[in-house]
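Just so it is clear: chains get the letters A, B, ... in the order the sequence lines come, proteins before strands, and each one is counted from 1.
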Amino acid sequence: EADIYQTPRYLVIGTGKKITLECSQTMGHDKMYWYQQDPGMELHLIHYSYGVNSTEKGDLSSESTVSRIRTEHFPLTLESARPSHTSQYLCASSETGSEKLFFGSGTQLSVL
Amino acid sequence: GQNIDQPTEMTATEGAIVQINCTYQTSGFNGLFWYQQHAGEAPTFLSYNVLDGLEEKGRFSSFLSRSKGYSYLLLKELQMKDSASYLCAVRPIDDYKLSFGAGTTVTVRA
């Protein structure tokens, strides 16, 4: 049912590297979100966007940045990865007027 | 913000019923969601309650009491595939951003 894609699914990198996590949706949804989730913990919102050229920081402070140049694309970038960034990153989207979130499969990031 | 509390783990037998409770404290409320998340996978939508009462959808039902800040998800006729984490999430008034609980891991045993 959900047409929202994240790549890569798994990523292992060294400290100091710049990385971009990709998220794309083909549903034409205006709203997109990035959540961070550690094992056994709640999802924390780190970024969201309500439309093109609109991005906001979420409830959990994050050193990552996002951009929304096209409706369907909402990439997340870490300029210099650190071990503390090791986590699962989940992208989600929803359409205006709907409360239902559609999630991507997530990216499991490990920074050594 | 929202304080969302749900049990960490529950175990039940195949064919049984399990009830997962969720309590929340919020400055404003505009709906409560339940999501299912299998290990290593993305959460998937189960239910959405905005008014008090019981919503039934096949083997799964969700209940909401806004005055008590309380919801539960009822899983009936448990199957092995129901082993997963169940996430309670609250939508505040005038905001589209959901706040999630830590999830309840349900283990179904044969």
A.B. asks: Under the side chain to side chain contact (heavy atoms under 4.5 Å, CB included) rule, what do B/Lys97 and A/Tyr48 come out as? Steps first, then yes or no, please.
C.D. replies: CA-CA 8 Å; B/Lys97 306 189 300 290; A/Tyr48 64 98; 3.1 Å; yes

A.B. asks: To the nearest 0.5 Å, what is the distance between CD (A/Glu42) and OG (B/Ser85)?
C.D. replies: 11.0 Å

A.B. asks: Could you tell me which of B/Gly31, B/Ala89, B/Ala39, B/Pro43 has the largest number of non-hydrogen atom pairs under 4.5 Å with chain A?
C.D. replies: B/Pro43

A.B. asks: Between B/Ile4 and B/Leu46, is there shared hydrophobic-cluster membership here, with clusters defined by ILVMFWY side-chain heavy atoms closer than 4.5 Å?
C.D. replies: yes

A.B. asks: Please identify each residue that fulfils ring-ring contact (aromatic ring centres under 6.0 Å, His included) with A/Tyr10, with sequence neighbours left out.
C.D. replies: none

A.B. asks: How would you list, in number order, the residues of residues 102-110 of chain B that have a heavy atom less than 4.5 Å from chain A?
C.D. replies: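 At a heavy-atom separation under 4.5 Å, chain A is reached by B/Ala102.
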
A.B. asks: Do B/Leu54 and B/Ile20 sit in one hydrophobic cluster, given that two such residues count as connected whenever their side-chain heavy atoms are within less than 4.5 Å of each other, even indirectly?
C.D. replies: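 Different hydrophobic clusters.
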
A.B. asks: Please give me the minimum heavy-atom distance between A/Ser105 and B/Ala42, naming the atom from each residue.
C.D. replies: CA-CB, 3.9 Å

A.B. asks: Give the C-alpha distance, both sets of side-chain angles, the deciding distance and a yes or no for side chain to side chain contact (heavy atoms under 4.5 Å, CB included) between B/Gln37 and A/Leu90.
C.D. replies: CA-CA 12 Å; B/Gln37 186 178 25; A/Leu90 287 162; 4.1 Å; yes

A.B. asks: Taking ring pair (Phe, Tyr, Trp, His ring centres under 6.0 Å) as the criterion, tell me which of A/Phe102, A/Tyr35, A/Phe103 meets it with B/Tyr35.
C.D. replies: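 Exactly one pass, corresponding to A/Phe103.
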
A.B. asks: Is the count of non-hydrogen atoms from other residues, nucleotides or ligands lying under 6.0 Å from A/Lys57 atom NZ greater than 12?
C.D. replies: yes

A.B. asks: Decide whether B/Val50 and A/Leu101 are clustered together by the hydrophobic rule: side chain heavy atoms of Ile, Leu, Val, Met, Phe, Trp, Tyr closer than 4.5 Å, transitively.
C.D. replies: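 Yes, same cluster.
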
A.B. asks: To the nearest 0.5 angstrom, please state how far the CG atom of A/Leu43 sits from the OG atom of B/Ser99.
C.D. replies: 10.5 Å

A.B. asks: Would a hydrophobic clustering, with Ile, Leu, Val, Met, Phe, Trp and Tyr connected at side-chain separations under 4.5 Å, put B/Phe60 with B/Leu74?
C.D. replies: no

A.B. asks: When rounded to the nearest 0.5 angstrom, what distance separates CD in A/Gln37 from CZ in B/Phe100?
C.D. replies: 9.0 Å

A.B. asks: Take atom CD of B/Glu14 as the centre, draw a 6.0 Å sphere, and report whether it contains more than 12 heavy atoms from other residues, nucleotides or ligands.
C.D. replies: yes

A.B. asks: For residues 77-88 of chain A, give me every residue with a non-hydrogen atom less than 4.5 Å from any non-hydrogen atom of chain B.
C.D. replies: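 Checking residues 77-88 of chain A against chain B gives A/Gln88.
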
A.B. asks: Among residues at least two apart in sequence or on other chains, which ones pass salt bridge (charged side-chain N to carboxylate O under 4.0 Å, His left out) with B/Arg66?
C.D. replies: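 B/Arg66: salt bridge (charged side-chain N to carboxylate O under 4.0 Å, His left out) contacts with B/Asp52.
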
A.B. asks: A/Leu112, A/Leu109: one ILVMFWY side-chain cluster at the under-4.5 Å cut-off?
C.D. replies: no

A.B. asks: I need the residue from A/Lys31, A/Arg9, A/His44, A/Gln6 with the largest number of non-hydrogen atom pairs under 4.5 Å to chain B.
C.D. replies: A/Lys31

A.B. asks: Would you say A/Ile69 has more than 12 foreign heavy atoms packed within less than 6.0 Å of its CD1?
C.D. replies: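 Atom CD1 in A/Ile69 is not packed in, count stays at 12 or less.
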
A.B. asks: Measuring from A/Lys100:NZ to B/Leu98:CG, what's the distance to the nearest 0.5 Å?
C.D. replies: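 A/Lys100 atom NZ to B/Leu98 atom CG measures 13.0 Å (nearest 0.5 Å).
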
